[in-house]
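Below you'll find the structure, written out as C-alpha cells, and then a few comments.
Fair warning: this is a prediction, and the values are worked out from it, not measured in the lab. Just so it is clear, the values below take in all heavy atoms, side chains as well, and ignore hydrogens, waters and symmetry mates.
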Amino acid sequence: MAFNEAAAAQLPDSIKAAKVLTVAIPTNEPPTQFYKEGTREMTGSNPDIARLIGQALGVKVDIKVTNFDSIIPGMAAGRYDMTVASMTPTENRMKVLDFVDYLQMGNSIAVPVGNPGAITEEAALCGRRWGC
C-alpha cells in the first residue's frame, strides 16, 4: 500500500515520534488471525490489514497478541493505539471507541446440487435433522 501523507499527518504526535503503531490483535482465531505454523508470528486477514495501515501511515506495526477482553481496557490505558479485530460496534463499545467497519458478514446456506431438501430460506431448516 502506498504511503498516504495526508493520513500520516493526522497521527497523534506520540505515534509520529515513535514511528510505531501498537496494534492489539486477539488470540489465535483462524482465518482472521493465527500463528504461522511453528512460529509466534501472527498472520491472517486482521494482522495483514494492520500492516497495510502501517504502510499507508509510514510507521512500523507492533502487533501485540492479547485476550479479546483486554483489548478495550488496554486501549483505554494507552497500551495499544488500535485494534484490528472481529469486534461488533455495540452501543457500549461505541461510547469509548471509534469504529471503522472493514468487513460485512452475513449467513449463507449451502445445499447439495439440485437442492433436494427444497431449502429456500433459514426458516426451512427448523425441525429438520441432518446427517453428515
Side-chain angles (χ1 to χ4, degrees):
M1 179 169 281
F3 175 67
N4 184 321
E5 189 174 339
Q10 295 182 51
L11 285 169
D13 290 338
S14 60
I15 296 173
K16 287 179 188 176
K19 297 190 183 307
V20 174
L21 185 66
T22 304
V23 181
I25 299 282
T27 53
N28 219 22
E29 297 173 354
T32 55
Q33 62 265 347
F34 57 98
Y35 292 110
K36 286 185 179 179
E37 189 172 334
T39 74
R40 298 301 288 172
E41 183 182 348
M42 190 57 71
T43 191
S45 57
N46 287 341
D48 289 350
I49 290 168
R51 290 181 185 109
L52 288 169
I53 291 169
Q55 285 177 11
L57 296 173
V59 296
K60 179 182 176 247
V61 172
D62 182 16
I63 292 177
K64 301 292 187 186
V65 179
T66 187
N67 243 331
F68 185 86
D69 292 343
S70 67
I71 292 173
I72 295 173
M75 289 175 67
R79 287 191 300 273
Y80 317 119
D81 300 310
M82 63 177 277
T83 185
V84 180
S86 303
M87 183 183 292
T88 306
T90 65
E91 189 175 315
N92 283 339
R93 290 175 182 157
M94 290 175 62
K95 290 177 184 174
V96 296
L97 299 175
D98 290 326
F99 282 81
V100 176
D101 293 330
Y102 63 96
L103 178 68
Q104 291 186 355
M105 297 179 67
N107 295 324
S108 297
I109 300 170
V111 299
V113 173
N115 193 9
I119 304 298
T120 59
E121 60 183 21
E122 287 181 45
L125 299 173
C126 293
R128 292 188 184 219
R129 290 184 54 106
W130 303 94
C132 295

Worksheet item: Looking at Ala50 and Val61, what are the two nearest heavy atoms and their distance?
Response: O-CG2, 3.4 Å
Item to complete: Please list all pairs passing the salt bridge (Lys or Arg N to Asp or Glu O under 4.0 Å) test where one or both residues lie in residues 69-86, with sequence neighbours left out.
Response: none
Discussion item. Which residues end up grouped with Met1 if you chain together Ile, Leu, Val, Met, Phe, Trp and Tyr wherever their side-chain heavy atoms are less than 4.5 Å apart?
Written reply: Leu52
Worksheet item: Do any pairs count as a side chain to side chain donor-acceptor pair (under 3.5 Å) and have a residue in residues 111-125, sequence neighbours left out, and if so which ones?
Response: none
Worksheet, complete the sentence: salt bridge (Lys or Arg N to Asp or Glu O under 4.0 Å) pairs touching residues 89-114, sequence neighbours excluded, are none
Item to complete: State the CZ-NZ distance between Arg51 and Lys60, to the nearest 0.5 angstrom.
Response: 10.5 Å
Worksheet item: Residues in side chain to side chain donor-acceptor pair (under 3.5 Å) with Lys64, at least two apart?
Response: Asp62
Indicate every side-chain donor-acceptor pair of residues 19-31 with a distance under 3.5 Å to a residue at least two apart or in another chain.
| residue | atom | partner | partner atom | Å |
| --- | --- | --- | --- | --- |
| Asn28 | OD1 | Tyr35 | N | 3.1 |
| Glu29 | OE1 | Gln33 | NE2 | 2.9 |

Response to the item:
Using a 4.5 Å side-chain heavy-atom cut-off and chaining through intermediate ILVMFWY residues, the residues clustered with Val113 come out as none
Practice prompt. Considering non-hydrogen atoms only, spot the tightest contact between Pro47 and Ile63 and give its length.
Written response: CB-CD1, 3.7 Å
Practice prompt. Determine yes or no for a side-chain-to-main-chain donor-acceptor pair under 3.5 angstrom, with Lys16 supplying the side chain and Ala9 the backbone.
Written response: yes
Worksheet entry | Partner set under side chain to side chain contact (heavy atoms under 4.5 Å, CB included) for Pro12, not counting sequence neighbours | Ser14, Ile15
Worksheet, complete the sentence: Residues passing the side chain to side chain contact (heavy atoms under 4.5 Å, CB included) test with Ser45, sequence neighbours excluded, are Thr32
Response to the item:
Those residues at least two apart in sequence (or on a different chain) that pass side chain to side chain donor-acceptor pair (under 3.5 Å) with Ser70 are Thr66
Worksheet item: Which residues pass the side chain to side chain contact (heavy atoms under 4.5 Å, CB included) test with Lys36, sequence neighbours left out?
Response: Thr39, Glu41, Thr43
Worksheet item: Rest of the hydrophobic cluster containing Val96 (Ile/Leu/Val/Met/Phe/Trp/Tyr, side-chain heavy atoms under 4.5 Å)?
Response: Phe68, Ile71, Ile72, Met75, Tyr80, Met87, Met94, Leu97, Phe99
